[in-house]
Amino acid sequence: MNAAAPVSDVTAFDLLLPDEAATERLAADLSLALGRGDVVALSGDLGAGKTHFARAFVRALSGEPDLEVPSPTYTLAQIYETRPKVTHFDLYRLGDEDELEELGFDEASETGLVLVEWPERAPRVFSEATVRLELADAAGGGRQARITATPDAAKRIRRTLDARAFLTEAGLPDAIRQIFQGDASARRYETVPGPDGTPLVLMDSPALVLGPPVRDGLPYARIAHTAETVLAFVAIAEDLEAAGLGAPRILHADLEAGFVLMTDLGRDTVLDPQGRPIPERYETAMEALAHFHSQPPRRELPTREGPVHSVPPFDRGALSIEVSLLLDWYWPHRRGVAPSEAERARFDAVWDALFDRLEAAEPALVLRDLQWPNLVWRPAEAGHRRVAFLDFQDAMIGPSAYDVASLAQDARVDIPAELEERLRHHYMSLREATDPRFDKDAFEEAYAIMAAQRATKILGIFVRLLRRDGKPQYLRHIPRIQSYLKRSLRHPALQPLAGLYEDWALLDDELTAPQDS
């Protein structure tokens, strides 16, 4: 298959499909890029391959390669309860365009994805199509495909075609791609079989789109040192591997395009079948952290690809912009109004004093998001590699206590206070046994501050995911985060912050603010 022409605002793609397998791969690749609301108009003469393409598309989307997908020549419409739902129309026998309403075309295009053969029978379909695919016999054999699309659909199509080109460069031109559940970010993950059938993971992570300036002329991501390309992920994965920890092995990467092919670490987690933390597995993760933190962090991380990643510091700017998410999102969610300037000033003053106390905290490469979805249990491995880490591209050089708190106060699963204490003391005992310079009291204070900083940030993030991104499912975690924060505020160093949050009743039972706030 030929890659699309390198034009920045392209809305048309010309592809040579040398055989039936190439047509099926194109259908499968497009099924990964298209979704609810997309209308795909399939044009071409009899025998051009429209039905073959549609059948391959539905099968790929369903994940069932042998799914029965009959041609809707006589029924005119066939519905498949895939995700998203697909309705396959064949309008060859359509008598009048007005019959589209009787066939449920409008509802199908609003609630799912639509494939339409013979769209010429209803010109309205062409005007509403987000994608037009024209198939014709190629002069030298095979098929010629021309895809035209709206700008948004074209962007998604270009990305999936670029992913196919990347896999070809990696030696996997015919790999079957399947979507793999990701996280709350813009990154996407797919699984593909390696040359020997071993599953691999394709990470699709385009360069970060920076938002508007929010402070000192800089966007939030720059202040918080959010990774802007996949260079950080590749460099840190290789650093963890070199340190003896479990992490995906990078097999091939295109740092500029944002594609990474890596080993699939498996599906075992640190939770039991009931979704409860398995203490021994969390302890193993703590042992890996203690081992990692006993080594001085490297600020410049070279990669096998060549480029060097400079790890940013978890500085005051990043610390403060993160906790400010509580005022920007969580506060209005609870109260229905924004905080006053005086309230912001009091908040900043309390946190600035706590950040002063972190100046002498032990530094480490802070992975930033240690929670159960980012931990993979690998019983066949030995030592520190029995648990593997994921989602570490935003790592910074900061207090080692941050990751310990992140793990012991898992944001996605309930960690009882007794287990949190057990995990924290297990880490500290390991550090004391191997490093006479380890200061337990200083660590305890840094742990409390970083745990409170992380919980404060997360309260804001979970509300932002609701209000900005339309993802209400994260609100169910808020009572847990409130509980963790209450634990951390018991430390004497956090007494001013505890008093502030108590005065503002920020940790009372979750409230429902007016929806138009």
Item to complete: Apply side-chain contact (heavy atoms from CB on, under 4.5 Å) to the pair W377 and I278, showing each step before the final yes or no.
Response: CA-CA 11 Å; W377 180 251; I278 300 175; over 6 Å; no

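- Annotation: cation-pi pair R464/Y330 absent, no NZ/CZ under 6.0 Å from the ring centroid and within 45° of its normal.
- Looking at every heavy atom in both residues, L326 comes nearest to P332 through O-CD, 4.5 Å.
- Counting only distance, with no hydrogens or angles, the side chain of R299 and the backbone of P312 share no donor-acceptor pair below 3.5 Å.
- Here the CE atom belonging to M286 is positioned 10.0 Å from the CE atom belonging to M428, to the nearest 0.5 angstrom.
- Considering only heavy atoms from C-beta on, T198 stays 4.5 Å or farther from D264 through its side chain.
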Practice prompt. Check the pair D435 / R437 against salt bridge (Lys or Arg N to Asp or Glu O under 4.0 Å), numbers first and verdict last.
Written response: CA-CA 5 Å; D435 187 353; R437 298 168 299 174; 3.2 Å; yes

Item to complete: Check step by step if side-chain contact (heavy atoms from CB on, under 4.5 Å) holds for V260 and V234.
Response: CA-CA 8 Å; V260 179; V234 172; 4.0 Å; yes

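- At least one side-chain heavy atom of F166 sits less than 4.5 Å from a side-chain heavy atom of L261.
- A salt bridge links D204 and R159; the closest N-O separation between the charged side-chain nitrogens and carboxylate oxygens is under 4.0 Å.
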Discussion item. For a salt bridge (Lys or Arg N to Asp or Glu O under 4.0 Å) check, start with the C-alpha distance between R188 and E190, then their side-chain angles and the critical distance, and finish with the verdict.
Written reply: CA-CA 7 Å; R188 296 178 69 256; E190 298 171 7; 3.3 Å; yes

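- Here E445 contributes atom CD and R357 contributes atom CZ; the two are 4.0 Å apart, rounded to the nearest 0.5 Å.
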Practice prompt. Go through the steps to decide whether E300 and S310 satisfy the test side-chain hydrogen bond (donor to acceptor under 3.5 Å, both in side chains), and finish with yes or no.
Written response: CA-CA 5 Å; E300 301 296 319; S310 297; 2.7 Å; yes

Practice prompt. Could you give me the CA-CA distance, side-chain angles and deciding distance for L459 and W329, then say whether side-chain contact (heavy atoms from CB on, under 4.5 Å) is met?
Written response: CA-CA 8 Å; L459 287 176; W329 296 94; over 6 Å; no

Discussion item. As a quick check of understanding, evaluate ring pair (Phe, Tyr, Trp, His ring centres under 6.0 Å) for H293 and Y427, giving each step before the final call.
Written reply: CA-CA 10 Å; H293 293 167; Y427 171 90; 5.7 Å; yes

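- One N or O on the side chain of D272 and one on the backbone of Q274 form a donor-acceptor pair closer than 3.5 Å.
- Distance alone, capped at 3.5 Å, is enough to place a donor-acceptor pair between the S31 side chain and the A28 backbone.
- The backbone N or O of D391 lies less than 3.5 Å from no partner atom in the side chain of D369, so there is not a single donor-acceptor pair.
- With rounding to the nearest 0.5 Å, the separation of CG in L407 from CD in E283 is 10.5 Å.
- Comment: R386 does not engage E381 in a salt bridge, judged by the lack of any side-chain N to carboxylate O separation of less than 4.0 angstrom.
- Remark: E444 CD to H491 NE2 distance equals 6.5 Å, nearest 0.5 Å.
- At least one donor-acceptor pair under 3.5 Å links the side chain of T263 to the backbone N or O of R249.
- Taking the side chain as every heavy atom from C-beta outward, L32 and Q178 never approach each other to under 4.5 Å.
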Please table the atom pairs, donor to acceptor, closer than 3.5 Å between any side-chain atom in residues 358-366 and protein atoms at least two apart or in another chain.
residue	atom	partner	partner atom	Å
E359	OE2	R316	NH2	3.4
E362	OE1	S400	OG	2.5
E362	OE1	R431	NH1	3.0
E362	OE2	R431	NH1	3.4
E362	OE2	R431	NH2	2.5

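- Between the side chain of T160 and the backbone N or O of D29, at least one donor-acceptor pair lies under 3.5 Å.
- Side-chain atoms of S488 and Q409 form a donor-acceptor pair, as typed in the model, at a separation below 3.5 Å.
- Looking only at distances, a side-chain donor or acceptor of E343 sits under 3.5 Å from a matching main-chain atom of S340.
- Shown here are the side chain to side chain contact (heavy atoms under 4.5 Å, CB included) partners of R156, two or more places apart in sequence or in another chain: A33, L34, D38, D152, A153.
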Atom pairs and distances, donor-acceptor, side-chain atoms in residues 250-257, under 3.5 Å, two or more places apart:
residue	atom	partner	partner atom	Å
D254	OD1	E256	N	3.2
D254	OD1	A257	N	2.9

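- For the atom pair L485 CG and R480 CZ, the distance stands at 14.0 Å (nearest 0.5 Å).
- A salt bridge between D394 and R368 is absent, with no side-chain N of the basic residue lying under 4.0 Å from a carboxylate O of the acidic one.
- The aromatic rings of F347 and W504 lie parallel to each other, with less than 30° between the two planes, well short of the 60° mark.
- Figure legend: cation-pi geometry between R454 and Y484 absent, as NZ or CZ is not positioned both under 6.0 Å from the six-membered ring centre and within 45° of its axis.
- A cation-pi arrangement is not found for R215 relative to Y220, the charged atom failing to lie both closer than 6.0 Å to the ring centre and inside a 45° cone about the ring normal.
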Worksheet item: Can you check salt bridge (Lys or Arg N to Asp or Glu O under 4.0 Å) on D239 and R298, steps first, answer last?
Response: CA-CA 9 Å; D239 188 59; R298 296 194 297 161; 2.7 Å; yes

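- Side-chain atoms of T456 and Q453 form no donor-acceptor pair, as typed in the model, at a separation below 3.5 Å.
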Worksheet entry | Test side-chain contact (heavy atoms from CB on, under 4.5 Å) applied to D174 and T168, step by step | CA-CA 8 Å; D174 304 328; T168 299; over 6 Å; no

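- Between the side chains of H291 and Q295, at least one donor-acceptor pair of N or O atoms lies under 3.5 Å.
- The distance from atom OG of S320 to atom CZ of F355, rounded to the nearest 0.5 Å, is 6.0 Å.
- Side chain to side chain, Y189 and R187 meet the donor-acceptor criterion of an N or O pair below 3.5 Å.
- A salt bridge links R346 with D503: the distance from a Lys NZ or Arg NE/NH1/NH2 to an Asp or Glu carboxylate oxygen falls below 4.0 Å.
- With respect to the salt-bridge test (charged N to carboxylate O, under 4.0 angstrom), the residues E432 and K440 do not qualify.
- Residues H426 and E287 bring a donor and an acceptor atom of their side chains to less than 3.5 Å of each other.
- Residues satisfying the side chain to side chain donor-acceptor pair (under 3.5 Å) test with Y282, not counting sequence neighbours, are D410.
- In terms of modelled atom types and a separation under 3.5 Å, the side chain of K486 and the main chain of L507 share a donor-acceptor contact.
- The aromatic rings of F392 and F233 lie parallel to each other, with less than 30° between the two planes, well short of the 60° mark.
- D328 meets the side chain to side chain contact (heavy atoms under 4.5 Å, CB included) test with S324, R344; sequence neighbours excluded.
- For the side chain to side chain donor-acceptor pair (under 3.5 Å) test, no residue two or more places apart in sequence or in another chain qualifies with H425.
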